[in-house]
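Chain A is the first sequence line, chain B the second, and so forth, proteins listed ahead of strands; every chain is numbered from 1. Values reported hereafter were calculated over all heavy atoms of this structure, with side chains retained and with hydrogens, waters and symmetry mates removed.
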Amino acid sequence: MSADTTHASNEAAHHSQAHGGHGHDEPHGSMREYMIGFGLSVILTAIPFWLIINHVIADKVTAGLVISAFAAVQVVVHMIFFLHMNGKVEGGWNLLALIFTAIVVLIVLSGSLWVMYHLQANMMPTMAQMQNLPG
Amino acid sequence: MSRAAAAPGNLDPQALTARFYDLHEHEHPDGGSTMLGFWIYLMSDLLIFAMLFAAFGVLGANYAAGPGAKDVFELPTVAFNTAMLLFSSITYGFAMLAMNTGKKTQVQFWLVVTAIFGVIFVSTELREFAGMIADGATPQRSAFLSSFFTLVSTHGIHVSFGIIWICVSLVQLQKQGLTAANRRRLMCLSLFWHFLDVVWIGVFTFVYLMGTLR
């Protein structure tokens, strides 16, 4: 087996890989896709605003969780219908980068809130709080 | 062959290198990796916003006896701005659809519409800021206002640069038409623009709506 044929077959393999991997020639999205995304986004935006402006949910924690859930769903809707995110774009690297970033974001956000909440809770009480202490 | 494999020291350096590294240039299509690279940039941008969201999450209730979220936020204005950004997203989508069918004039039309919605968004936001500052709710008033102005204006600056980018694209389209390079640029701008709308979902939910709840 000569070295030349090995290189030739290697090269052929790389070519087919490159073409399978980069799907940037195919058109992205369709009118139907955009309209579904838009319709869902309008609904998912209108409901949280309506909930908060009209004070529909009395409990603040529940209200916060409900509008967070709407935001999470809407982010996914935008990712699928507007950013055309799926496992096939750029051979899956886009999705991989997104998942990695999402994990980092999650750690940064939850870590910051968690640590700072405990710092705040363990702070020396202020003068006003000390005067209110019993006994 | 088998002897060479057993004793790699006998190979000349280039043949040895070729065993471990790909020395042969392949034909890479021009701009073939641009979309992935731009996506990585957007992900790093997302990290910037995550830091600012974290800062706002920590500092958002520290009013320093100044005006609170309920005093300074006007939800109808925010709802209007959200609608503007959502409309601009769908009109950019129309521009992409027109690009796929190769209609240059339609692409330019929808880009102009998108830019107009963007300008309305930024000017409404600036008016909101001006109103707050006139009422004494300046960025230096409290940690809440500092983190609020940093987060929301970072997003606003991104949108402003998006509008500049749209204007540049319009000129490029006029001069060069729908070339492969211009299509690629418009696809990057599409990612950028829709990405900003995704960030805005976080802003109106966690800053404005949640702030009003506090």
Under 4.5 Å heavy-atom distance to chain B, tell me which part of A/Val42 shows up: side chain, backbone, both or neither. both

Against chain B, label A/Ser68 side chain, backbone, both or neither, depending on which of its atoms sit under 4.5 Å from a heavy atom there. both

Can you find a pair of side-chain heavy atoms, one from B/Trp110 and one from B/Leu97, that are under 4.5 Å apart? no

Should B/Tyr92 and B/Leu111 count as side-chain neighbours, where that means a heavy-atom distance under 4.5 Å? yes

Take the angle between the ring planes of [X] and [Y] and call it parallel below 30°, perpendicular above 60°, tilted in between.
| X | Y | answer |
| --- | --- | --- |
| B/Phe49 | B/His158 | tilted |
| B/Trp200 | B/Phe121 | perpendicular |
| B/Tyr208 | B/Phe148 | perpendicular |

Heavy-atom pairs under 4.5 Å with chain A, option from B/Thr205, B/Val198, B/Ile90 with the top count: B/Ile90

Greatest number of non-hydrogen atom pairs under 4.5 angstrom with chain A, of B/Gly202, B/Ala55, B/Gly93, falls to B/Gly93

Verify the ring-centre separation between A/Phe49 and B/Phe204: is it less than 6.0 angstrom? yes

Partner chain B: residue of [options] with the largest heavy-atom pair count (under 4.5 Å):
| options | value |
| --- | --- |
| A/Leu44, A/Val104, A/Leu51, A/Ile52 | A/Ile52 |
| A/Ala63, A/Gly111, A/Ala97 | A/Ala97 |
| A/Val115, A/Leu119, A/Leu113, A/Leu98 | A/Leu98 |
| A/Met116, A/Met79, A/Gln74, A/His55 | A/Gln74 |

Give a yes or no answer on whether the side chain of A/Asn86 reaches the backbone of A/Lys88 with a donor-acceptor pair at less than 3.5 Å. yes

With chain A as the partner chain, list the residues of residues 65-78 of chain B whose heavy atoms fall under 4.5 Å from it, by residue number, and write 'none' if nothing qualifies. B/Lys70, B/Leu75, B/Val78

Write out, in numerical order, the residues from residues 36-48 of chain B with a heavy atom short of 4.5 Å from a heavy atom in chain A. B/Leu36, B/Trp39, B/Ile40, B/Met43, B/Leu46, B/Leu47

Would B/Phe129 and B/Val152 count as a side-chain contact (heavy atoms from CB on, under 4.5 Å) here? Give the steps. CA-CA 10 Å; B/Phe129 285 176; B/Val152 179; 3.6 Å; yes

Using 0.5 Å steps for rounding, measure from the [atom1] atom of [X] to the [atom2] atom of [Y].
| X | Y | atom1 | atom2 | result |
| --- | --- | --- | --- | --- |
| B/Thr114 | B/Phe117 | OG1 | CZ | 8.0 Å |
| B/Ser89 | A/His78 | OG | NE2 | 6.0 Å |
| B/Leu85 | B/Asp197 | CG | CG | 4.5 Å |
| B/His155 | B/Thr150 | NE2 | OG1 | 15.0 Å |
| A/Phe82 | B/Leu86 | CZ | CG | 6.0 Å |
| B/Ile120 | B/Phe87 | CD1 | CZ | 10.5 Å |

Taking side chain as everything from C-beta outward and backbone as N, CA, C, O, which of these in B/Thr212 sits under 4.5 Å from a heavy atom of chain A? Side chain, backbone, both or neither. side chain

